[in-house]
Number of protein chains: 2
Amino acid sequence: MSKITIARVASEAGVSKGTVSRVLNARSGVNEETRVLVQGVVARLGYVPDPGARQLARRGRHVIGLMLDDDLRRGGTYYGILRDALEDCLSSEGYHTRVISTERGDAFSTPPDGAILLGVHLDDPRPAQLEERGVPFVMIGRSLHNTAWVDVDNLGGLRDAVRHLVALGHRRILHITGAHTGQASVQRLEGYLTGLREAGLPEDASLIFDGDFTAIGGYRAVRRVLGSKLAFTAIAAASDEMAHGAVSALEDAGLRVPWDVSVTGFDDIPLAQRHALTTARQPIAEIGAAAAELLLERMAGKPVRSRLLATTLMVRSSSAALLSTTSSTVHQH
Amino acid sequence: MSKITIARVASEAGVSKGTVSRVLNARSGVNEETRVLVQGVVARLGYVPDPGARQLARRGRHVIGLMLDDDLRRGGTYYGILRDALEDCLSSEGYHTRVISTERGDAFSTPPDGAILLGVHLDDPRPAQLEERGVPFVMIGRSLHNTAWVDVDNLGGLRDAVRHLVALGHRRILHITGAHTGQASVQRLEGYLTGLREAGLPEDASLIFDGDFTAIGGYRAVRRVLGSKLAFTAIAAASDEMAHGAVSALEDAGLRVPWDVSVTGFDDIPLAQRHALTTARQPIAEIGAAAAELLLERMAGKPVRSRLLATTLMVRSSSAALLSTTSSTVHQH
DNA sequence: ATGAAAGCGCTAACAT
DNA sequence: ATGTTAGCGCTTTCAT
């Protein structure tokens, strides 16, 4: 059984390759009857156009650069999934993804035909460089530039976590922040504050603890909290890693999650599932898909668009209703 | 400036497209002089072959499957780097990498022309499935099967770390193991024991602590150690994550690294550099390159070969010579 | 509205 | 050892 080509579809439908192509690409100027006929044959044969041939014939260019600094690339979980999602979407459209390491300096020896930027900083030179060279691009994460971007609703995610905790009866909710440098941390902190505000709870700076997105950071934050005799019943961390560290520290101090303290994370990495952590899930695959879509639009010369994707609160067993006794409030053990 | 094609390279080099193609694909039957000449022009022009056209022109589809379970793919650091290395090597040979998720079950709707297997378990069905379908493959990590594999010398790496600690004067060296299930953990433990044996030190089961490859696991292991009044001056952890957790726990207990305790890791992830951790570096990119090479050999019908890659001990400031006073031995604080 | 034919950039036979 | 040429599967003129 050899591969099904457009020629096969054409002959089987009794039309020319050109007509089949027109149908495939939803081009105008095809008789409704013929269109239906061809679509039928396509479906029956299970024909899938060859992406490579397609791009080749379209005379377009086909290389998409995935630009990131090595640190991010080595940074873990997020990158792998995102990369896979991106590749999935783009390769089916006939594009080929190439990783361009900022550090290796091979950035522009051969500019790609389009680019996806990861980990863009405020004074990042890449957007300007690409602009200058006329390479269309989409950034993952928001920016001030007037460019296309895709981002997750960090604020909304943390706000949802706080809402959830408030609904469970919690009033003394701590927040462990991520690294100061990132936009995401700032937005998540803002989400935390928004959640408190919505619930009519006071914003109390003493409830906010610095983390660094690592499990150890979360662990240590809780250690500090416990050392400070602060009263609290819940912790909304800015990442799953930190939430995991926080849970561990609570356990090591003899507190039980969720009975004594409720904890929520952010991201929904596999670790969150393993530890049954309530968390705001980032739709990483969707972010990749959206980025691919927007980039293709840009490459087609369409106007700049951006997308903010919502998180989904995954309620698991690290959060529970506050017991209605006053004694349940945790004081220094 | 229009796109640079093989024709452009050919004319610029004063040869035919065929010759350029032969050079590009490292085919035999090209004069050394011409080869160098063409390579020069390719480099000067920054020519990159169009992946689509390439795939189209080749008869077969030339698709390499990257098979892993989603858990591994989401597992972080290692995967991202490896994937990049693999893609680098394979795409320059005209192959296209496709991620095949074991869980998504799309494994064999269209079998790839070759496959790289990650995270193979003892009773993994994939090797047999591939064998049955005649798909050549290479596994990353050793196995009992008579198949090609690439692996890092886990035993040697840990042994080197222990040797290093012994050379610094350490005698009471702890080991924190990884997850029990993995081959890598077992081999690293074996390396630890080998190191002790070489130095004429006794194998003492009470010096071995269970970790789980996470920072929190390392942190907790050290907590247990400190709670047990065990005397020790160094820790050889089976991963950087765990070493990092161990260092944190030591610090939190008022001990200073490396003055009071020396710590070594394994992997050399970016975190190890940030925290100046002495560690056995895994040559991840080389592993990818070797896997690509061996797979290409297999696909060319050459005999099965395997490769064991050495680690490199990166000596940084988490390890130091043992002070020659007896009092430097750490007891329960 | 449809068909015929000319490429897109590349590889692989077949010549030389 | 190198040049020549015929496609690979598709889109896109240009005819009809």
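Each chain gets a letter, A, B and so on, in the order its sequence line appears, and its residues count up from 1. Bear in mind that the values here come from a model prediction, so they are computed numbers and not experimental data. Heavy-atom basis, side chains included; hydrogens, waters and symmetry copies ignored.
- Within the 4.5 Å cutoff, the side chain of B:Val41 has no heavy atoms near those of the B:Tyr47 side chain.
- Among the atoms of the strands shown, only primed sugar atoms or phosphate atoms (P, OP1, OP2) are found under 4.0 Å from some heavy atom of A:Arg27.
- Residue contacts for A:Gly94: at a heavy-atom cut-off of 4.0 Å it reaches no nucleic acid atom on any strand shown.
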Heteroatom pairs (N/O) under 3.5 angstrom, protein to nucleotides 6-9 of chain C:
from  : atom 1 : to      : atom 2 : distance (Å)
C:dC8 : O2     : A:Leu56 : O      : 3.3
C:dC8 : O2     : A:Ala57 : N      : 3.2
C:dG9 : N2     : B:Ala53 : O      : 3.3

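- For D:dG3, the base has a donor-acceptor partner in the side chain of B:Arg22 [N/O atoms by modelled type, under 3.5 angstrom].
- Here the side chain of B:Thr19 is nearest to one of D:dG3, C:dA1, C:dG3, namely D:dG3.
- Under the 4.5 Å side-chain criterion, counting only non-hydrogen atoms from C-beta, B:Pro283 is not in contact with B:Thr312.
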Which side-chain N or O atoms in residues 297-310 of chain B pair as donor and acceptor under 3.5 Å with protein atoms at least two apart or in another chain?
from     : atom 1 : to       : atom 2 : distance (Å)
B:Glu297 : OE1    : B:Arg305 : NE     : 3.1
B:Glu297 : OE2    : B:Arg305 : NH2    : 2.6
B:Ser306 : OG     : B:Trp149 : N      : 3.0

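- Taking only side-chain nitrogens and oxygens, A:Thr34 never comes nearer than 4.0 Å to OP1 or OP2 of C:dA1.
- What separates CD of A:Gln55 from P of D:dT12 is a distance of 10 Å, to the nearest Å.
- Applying the salt bridge (charged side-chain N to carboxylate O under 4.0 Å, His left out) definition to pairs two or more places apart or across chains, those involving residues 19-45 of chain B are B:Glu12-B:Arg44.
- Residues B:Leu90 and B:Leu296 form a side-chain contact, since some pair of their non-hydrogen atoms from C-beta on lies under 4.5 Å apart.
- Atom pair A:Glu33:CD and C:dT2:C1' shows a separation of 14 Å (rounding to whole Å applied).
- Side-chain contact between A:Leu66 and A:Leu117 is absent, with no heavy atoms from C-beta onward closer than 4.5 Å.
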